[in-house]
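First up is the structure itself, then whatever we jot down about it.
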Amino acid sequence: MKGGRGKWSRSRVTSLPPRKLAAPARLGRAAAAVFAALGDETRLAIVARLSSGGPTSIVRLTIGAGVTRQAVTKHLQVLMLAGLVRRHRVGRATRWELEPERLQAARRSLDAISAQWDDALDRLKAFVETGRGN
């Protein structure tokens with residue numbers, strides 16, 4: 001015991017080798033935009049409706065949403081800026097549809113974070129069980 005700090009001294013815990021982040025920063029920013037957009041209950045409900053119902057008009061998205069058509073339009077704009085939805089014209093109507101690739105990219109980002117946590121927990125388990133890191 002050095003200096004009375006005991007087995008879990010700061011110098012011993014910080015001596016574990018540092019790990020690099022698995023996901024590049026640009027993937028992190030893109031995923032953060034997706035998560036920020038989905039952090040709103042109304043936008044999350046809109047994405048859920050688009051994922052199950054296909055391309056839909058604002059009028060249909062407003063039904064049962066509990067907000068005005070103008071509010072749905074603003075939420076769709078946020079989702080579009082995050083790359084989660086796109087719009088296209090069908091005659092005089094505008095249809096909104098989900099862009100699944102952005103959701104898949106965000107999921108890959110979560111998977112990378114999950115793998116990092118699994119690795120950290122495995123290293124902690126090994127450290128606790130053997131008294132030393134990898």
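Just so it is clear, the structure is predicted and the values come from calculations on it, not from any experiment.
Counting heavy atoms from C-beta on, the side chains of D40 and H75 come closer than 4.5 Å. For the pair T68 and T62, the minimum side-chain heavy-atom distance is 4.5 Å or more. The side-chain heavy atoms of T56 and W96, taken from C-beta on, include no pair separated by under 4.5 Å. Looking at heavy atoms from C-beta onward, R49 lies in side-chain contact with L61 at the 4.5 angstrom threshold. Residues Q104 and E99 have side chains not in contact (no heavy-atom distance under 4.5 Å, counting atoms from C-beta outward). Counting heavy atoms from C-beta outward, D119 and W117 have side chains that stay 4.5 Å or more apart. At least one side-chain heavy atom of R69 sits under 4.5 Å from a side-chain heavy atom of V59.
If you take CG on L103 and CZ on R108, they are separated by 10.5 Å, rounding to the nearest 0.5 Å. Here the straight-line distance linking atom CD of E129 with atom CG of L124 works out to 9.5 Å at 0.5 Å rounding. For the atom pair CZ of R107 and CG of L110, the computed distance is 8.5 Å after rounding to the nearest 0.5 Å. A distance of 6.0 Å separates CD1 of I46 from CG of L79, quoted to the nearest 0.5 Å.
Of all non-hydrogen atoms in A82 and A33, the two that sit nearest each other are CB-O, 3.7 Å. Heavy atoms only, all atoms of each residue included: L98 and S51 are closest at CD2-CB, 3.6 Å.
Using a 4.5 Å cut-off between side-chain heavy atoms of Ile, Leu, Val, Met, Phe, Trp and Tyr, with links allowed through other members, L84 and V67 fall into the same hydrophobic cluster. By the criterion of side-chain heavy atoms lying less than 4.5 angstrom apart, applied directly or through intervening Ile, Leu, Val, Met, Phe, Trp or Tyr residues, V78 is not grouped with M80; the two fall into different hydrophobic clusters. Under the 4.5 Å side-chain contact rule for hydrophobic residues, I58 and L44 share a cluster.
A donor-acceptor pair is defined here as one N or O able to donate and one able to accept, closer than 3.5 Å; such a pair exists between the side chain of R43 and the backbone of A37. Distance alone, capped at 3.5 Å, is enough to place a donor-acceptor pair between the T130 side chain and the A126 backbone.
At most 12 heavy atoms of other shown residues, nucleotides or ligands fall within 6.0 angstrom of atom CZ in R60. At most 12 heavy atoms of other shown residues, nucleotides or ligands fall within 6.0 angstrom of atom CD in E41.
Checking R95 against H88 by side-chain atom types alone, no donor-acceptor pair falls below 3.5 Å.
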